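Below you'll find the structure, written out as structure tokens, and then a few comments.
Convention: sequence-line order gives letters A, B, ...; per-chain numbering from 1. If you're wondering where the values come from, they're calculated on a predicted model, not measured in any experiment. We use all heavy atoms of the structure for the numbers below, so side chains are in, but hydrogens, waters and symmetry mates are not.
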Amino acid sequence: MTIFFAILFSVSTLVFAAGLAMKIAQYARTPAPLKIPTTPAPLTKGGVALRLGREALLFESLFRGNKPLWLFAFVFHLGLAVVLIRHARYFETQVGPLVALVQPLAQPAGLAMVAGLALLLVRRLVVERVRYVTGPSDILMLVLLLGIGVSGMLMKCVVHTDIVAVKAFFTGLMGFELRPLPADPLLGLHLLLVCLLMIIFPFSKLLHAPGLFFSPTRNQTDNPREVRHLAPWAARLEEKG
Amino acid sequence: MAAAPFDIPALGDPAEHPIPALKPGAMAASKPYVAAEAHQQPLGFPGELTEGWEKRAVEHMGSLVSKYRSLQVYMDICVKCGACTDKCHYFLGTHDPKNMPVARADLFRSVYRRYFTPAGKIAPGLVGARDMTKDVLDEWFNYFHQCSQCRRCSVFCPYGIDTAEISMAARDIMDSIGQGQKYCNEIIGKVHKIGNNLGLPAPALLDTLEGLEEDMLDDTGVAVKMPIDVEGAEVLLVTPSADFFAEPHVLGLMGYAKVFHAAGVSWTLSTKASEAGNFGMFIGNYDQMKKISMRIREAAQELGVKRIIFGECGHAWRVAYSFLNTLAGPWDFLDPRYPVPQHILEFTNDLIERKGIKLDKSGNDGMVLTVHDSCNVARGARMGDRPGGQFTIPRAVIQASVPKFVDMHPDTICDKTFCCGGGGGLLTDELMELRVKGASPRMEALKDVVDKQGVTHMAAMCAICKAQFTKILPYYDFDREMVVSVHQLVSNAIILGDND
């Protein structure tokens, strides 16, 4: 189990990091030939940063669009964020201040994450028009995240695992040193699902996380009359006349 | 109004509009006429579908995805959350689930997935990936011509996914393989050949303008001019050709003329740029958009004007405000003290604020106005120097011209405005059912203020909105003359002095 997870974790981390980097590079490289911010849009770069910040942290447009969905999604993402920060302690020898700060929130955050996901899944199955646009992959993605959340919560609250050994495994892995992972089936399931998630991330709709920042309707300044905006391929058309 | 061969949606209360139950396939038969070879070839598109079109469609898709960041990102990042599902006026009016923005975009996304993503190549069923087939193409043709590219979905999407970008790309692909839409492509052909969308030749324009000058002289006793092709004029006015043609458009045109007259600013129209509309945007074709825009640059240079002002037209203003600098700039030969281009409402509002013109509201006595925010103005362009100027400036001009103004329900105005139902190249008779049903959210909000606040007229600032509403209002038992140009109101209210 130790060797299996050592390999799986190395591979999935590599796929996740390289895949995501390639996707981000692709988004950054692809030109935006026309100014298309959804107006009213900010006139300055600072304004755009604020707009994107509000979208990323508060889900502003979703709040305007659908309040129940906003609540479910917000609860899930907030829980996930706290849980992720807290998991940093398995990778750092010295527990950082941020991790220490969120430490007491770990349990409610895990519950929030699972509850948010469950509500999103129920909504997907119950609301007719959302069910219409739902594909198998949309369901599987929620089930996968739920599996990660539930197995994690079970280890946190019910069947405790040897987290000192888990931490030793990961800190060892980062120094290319193999230390034994506890042979705990719940832990195995949890880690397996996490690896799966990391592998599918760069090939799935989970790309919405980096993609938001590349969305031209949200990240462009509204200054087309003041500044001429010309993509490289459009500029080449111009040279040809 | 003769009975329509389809059901006209019942109008409820816009405050508690229920989300309709899905009626799959309700609009599966709705489609515009396919462009014939005669409409395709002048634009450089193949005349018809020929052997191997599937492959060429996929290749063109790949090219667009690599040239448009919007398309690339929007293909990847939709999470199918459904926040857009109840936002499209065509879904609300027709109940066809493929008119939900996410479902419409998925018609395109399914093909993108199949050919351009590992998941779609390995496990197409899992991620809803489809081969490019004739059935898929037919679905594209029907449903991408049931999108008016109004961008209302983009407002509410957590990632700003803009279905307009996707429907433009789909139409560009269809044009590139020989399956164009007749209405748009025929009109673009007319712009290239005759100079404007309506195909009005120069002598007809001159005749119309002379007639309007006579009307204004009769009405006001003042010789308001409608100059065309005047070299050395200060302002080139570029306005939709509908303004030369029918009511209420021409009433707005006379309003512009009166404003220029009262302000003492020399201006001219141009036979070369006798059209503000740019249907190149509707078909998502950069080359066409650029070519149509270049006429305006050439006209401005030939006439030696200092400023360019656009008349009341929604998508024309989006192309002008957002794209003209890119497509036909730089505009360094114009007077740098003014933005290029300006909207006629910016010009008029500035004059009102500076007391450069005087308005007498009694010219519109008895009228209670509301305003329809045109989608391309509301969500794709701006006026003035502040975000949201496109909402405040038209309202300020209307309020200065009329005795009473009320806004419609807040969920249906400003950036939440509902499309008139005829934008995006859908203003064609064979799509009448779609147009009538797509107009229903706007009609519902209008009925609400008519019933509760005594509204008598609705001002619009877009030629397509005006043309659509004059046709659609009778289906909902409203008078077609309820829709007015903003500058028609100015025209009725303006006090004309003698500038000579």
Sort [X] into side chain, backbone, both or neither according to what part of it lies under 4.5 angstrom from a heavy atom of chain B.
X         : value
Ile36(A)  : both
Asp138(A) : side chain
Thr134(A) : neither
Phe59(A)  : neither
Leu140(A) : side chain
Glu60(A)  : neither
Pro210(A) : neither

Quick check: do [X] and [Y] have side-chain heavy atoms less than 4.5 Å from each other?
X         : Y         : answer
Met75(B)  : Leu207(A) : no
Lys80(B)  : Val130(A) : no
Ser154(B) : Arg218(A) : yes
Arg386(B) : Leu43(A)  : no
Tyr74(B)  : Pro216(A) : yes
Lys23(A)  : Gln72(B)  : yes
Arg379(B) : Thr217(A) : no
Arg129(A) : Ile19(B)  : yes

Query raised in the report: If only atom types and distance count, is the side chain of Ser215(A) paired as donor or acceptor with the main-chain N or O of Tyr159(B) below 3.5 Å?
Result: yes
Query raised in the report: Are the side chain of Thr38(A) and the backbone N or O of Val155(B) linked by a donor-acceptor pair below 3.5 Å?
Result: no
Query raised in the report: What do you reckon, is CE of Met22(A) surrounded by more than 12 foreign heavy atoms closer than 6.0 Å?
Result: no
Requested in this report: Identify the heavy atoms of Arg225(A) and Val340(B) that sit nearest to each other, and give their distance.
Outcome: CG-O, 3.4 Å
Requested in this report: Using a strict 4.0 Å threshold on nitrogen-to-oxygen distance, state whether Asp76(B) and Lys205(A) make a salt bridge.
Outcome: no
Query raised in the report: Salt bridge check: are Asp411(B) and Arg64(A) linked by an N-O gap of less than 4.0 Å?
Result: no
Report summary line: With sequence neighbours left out, the residues meeting side-chain hydrogen bond (donor to acceptor under 3.5 Å, both in side chains) with Lys156(A) are none
Report task. Sequence neighbours left out, what passes side-chain hydrogen bond (donor to acceptor under 3.5 Å, both in side chains) with Arg86(A)? Give chain and number order. Result -> none
Query raised in the report: Just checking, is any N or O donor in the side chain of Arg69(B) or Thr30(A) under 3.5 Å from an acceptor N or O on the other one?
Result: no
